[in-house]
Protein chains: 2
Amino acid sequence: MDAGQGPAGHRQTGQRPTGERRTAILGAAARLFAARGYRGVTIDDLGRAVGTTGPALYRHFPGKEALLGEVLVDISDRLSRRGRELVAGAGGPRDALEALLRGHIEFSLDEPDLITVHDRELGNLTEEDRSRVRRLQRGYVEEWVGVLTELRPASRPAALRASVHAAFGLLNSTPHSRGALSRDEMAALLLRMGSAALLAGDPVPGPG
Amino acid sequence: MDAGQGPAGHRQTGQRPTGERRTAILGAAARLFAARGYRGVTIDDLGRAVGTTGPALYRHFPGKEALLGEVLVDISDRLSRRGRELVAGAGGPRDALEALLRGHIEFSLDEPDLITVHDRELGNLTEEDRSRVRRLQRGYVEEWVGVLTELRPASRPAALRASVHAAFGLLNSTPHSRGALSRDEMAALLLRMGSAALLAGDPVPGPG
DNA sequence: GAGGGATGTTAATGCTCACTAACAACAGTG
DNA sequence: CACTGTTGTTAGTGAGCATTAACATCCCTC
């Protein structure tokens with residue numbers, strides 16, 4: 001039915017297996033937006049970062065806003081999808097919580113740029129992209145809230161949601177403490193702290 | 001030696017007791033920078049927010065950058081000064097930690113705008129302002145680290161520092177969970193979570 | 001080897017915005 | 001009431017920047 005290739009049917013030199021440039025631009029965008037903010041990065045900066053000039057970007061994306069949109073939707077999508085999978089595959093709420101913590105920590109240690117951009121740049125999105133990202137974020141939060149509901153039945157949903165946001169703040173702090181600890185030490189520390197914080201939400205922690 | 005008034009020797013109508021306009025501009029700057037980011041706010045926005053036009057701002061500040069500088073230095077200064085006082089007035093490390101937590105929570109609930117701007121806009125500062133802010137922030141962090149050192153003698157300084165940054169992330173999450181809980185409920189929740197997180201830093205929490 | 005699509009390049013274009021100029025109002029002081 | 005300093009106002013001015021136009025390449029297909 002078709003030639004079996006993606007939208008751009010190139011090969012041979014191995015330079016463009018499919019959308020390599022596109023992916024490179026998205027990566028550079030995440031990195032630069034994290035470092036200098038959306039408004040602090042110009043089209044020319046982005047082009048230069050991937051070895052072309054600025055306007056070449058318009059061959060791959062309709063504009064700067066769309067670029068940011070794609071980056072943010074991608075992060076939110078990966079986080080929420082991962083959360084759903086982890087919870088589904090866990091044995092019980094305790095297991096699920098640890099899996100969520102480990103998953104989020106892995107993400108924040110591997111991709112601090114994406115974490116940084118994640119809710120710093122919501123305001124620069126199209127109305128449509130913004131609501132997409134918000135919906136995905138809400139879904140991810142509710143995944144955590146669902147697990148916490150089983151572990152802290154005495155807490156109201158509003159308190160659980162606030163707890164989850166607070167835990168995200170804790171877990172996402174890695175961009176602020178770069179390099180002091182090894183990756184494994186940092187992961188272990190965040191796991192202990194995050195776990196303790198989330199389970200400390202109830203005024204009376206012991207059994208009902 | 002002088003007329004006994006500030007730099008602007010006005011009164012009578014009661015409109016400008018001293019630098020009222022100046023203070024209003026700083027407040028508007030904090031609010032608008034928090035909402036839309038430094039680059040997303042124009043001089044005209046700032047003027048309009050305080051009932052004048054944009055260029056009037058230059059009668060009070062040398063430029064937009066100086067405005068941001070003053071806001072950030074002010075926050076950092078208040079936080080670190082407060083931290084020093086609280087620790088000095090505490091009975092022991094346990095007391096001091098609780099005082100630091102309560103103080104920081106109060107600040108973040110009372111001035112979410114300042115918290116939001118605090119480390120989001122460091123990159124837009126003059127080199128000089130940036131290093132001033134960094135020095136103040138470091139002092140504040142070290143205040144916390146000093147207290148934690150007594151409570152968790154088994155932890156290395158790097159781990160303590162990372163713990164403190166993580167706790168700040170947790171405590172500063174309030175802008176993300178607005179209005180769901182009452183102020184007092186939120187304060188209590190953050191105190192429990194922050195305390196648990198900071199004391200959970202050691203692999204083995206018990207004595208020796 | 002001509003046609004065509006994908007991808008780049010350089011040169012506009014037009015808007016936004018920080019900052020400056022030139023001028024006005026006004027209060028307190030001699 | 002002239003004098004002066006403070007604070008505003010309305011028009012520039014010039015730089016930066018996203019986007020578009022017009023024009024090259026290159027590769028693949030026929």
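First the proteins, then the strands, lettered A, B, ... as listed; each starts at 1.
- Whole-Å rounding puts the B:Leu57 CG to C:dT20 P distance at 12 Å.
- If B:Arg59 and A:Gly51 are placed on DNA chain C by their nearest nucleotide, the residue sitting closer to the 5' end is A:Gly51.
- Note: B:His104 and B:Phe168 meet the aromatic proximity criterion, with ring centroids under 6.0 Å apart.
- In this structure, the CZ atom of A:Arg21 is 12 Å from the C1' atom of C:dA6, given to the nearest Å.
- For B:Tyr38, the ring pair (Phe, Tyr, Trp, His ring centres under 6.0 Å) test picks out B:Phe33, with sequence neighbours left out.
- Counted by atom type alone, B:Thr116 and B:Asp113 present zero donor-acceptor pairs between their side chains at under 3.5 Å.
- Look at CD1 on A:Ile25: it is 10 Å from P on C:dT7, rounded to the nearest Å.
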- Message: If you apply the rule side-chain contact (heavy atoms from CB on, under 4.5 Å), what do you find for A:Leu181 with B:Arg156, and how did you get there?
- Response: CA-CA 10 Å; A:Leu181 296 180; B:Arg156 291 182 301 148; 3.4 Å; yes

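- The pair A:Arg81-A:Glu143 does not count as a salt bridge, with every side-chain nitrogen at least 4.0 angstrom from each carboxylate oxygen.
- OP1 or OP2 of C:dA6 has not a single side-chain nitrogen or oxygen of A:His60 nearer than 4.0 Å.
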Might you list the N or O atoms of the protein lying below 3.5 Å from N or O atoms in nucleotides 18-20 of chain D, with each pair's distance?
residue : atom : partner : partner atom : Å
D:dA18  : OP1  : A:Val41 : O            : 3.4
D:dA18  : OP1  : A:Lys64 : NZ           : 3.0
D:dA18  : OP2  : A:Ile43 : N            : 2.8
D:dT19  : OP2  : A:Tyr58 : OH           : 2.6
D:dT19  : OP2  : A:Lys64 : N            : 3.0
D:dT19  : O5'  : A:Tyr58 : OH           : 3.1

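- Shown for residues 120-133 of chain A: no residue has heavy atoms falling under 4.0 angstrom of DNA chain C.
- Taking every side-chain heavy atom of A:Thr53 into account, C:dT10 is the closest of C:dT10, C:dT7, D:dG8.
- Checking B:Arg152 against B:Ser163 by side-chain atom types alone, a donor-acceptor pair falls below 3.5 Å.
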- Message: Run the side-chain contact (heavy atoms from CB on, under 4.5 Å) test on B:Val164 and B:Leu160 for me, step by step, so that the C-alpha distance in whole Å, both residues' side-chain angles and the decisive distance to 0.1 Å come before the verdict.
- Response: CA-CA 6 Å; B:Val164 169; B:Leu160 296 180; 5.5 Å; no

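- A donor atom on one side chain and an acceptor atom on the other are found under 3.5 Å apart for B:Ser182 and B:Glu185.
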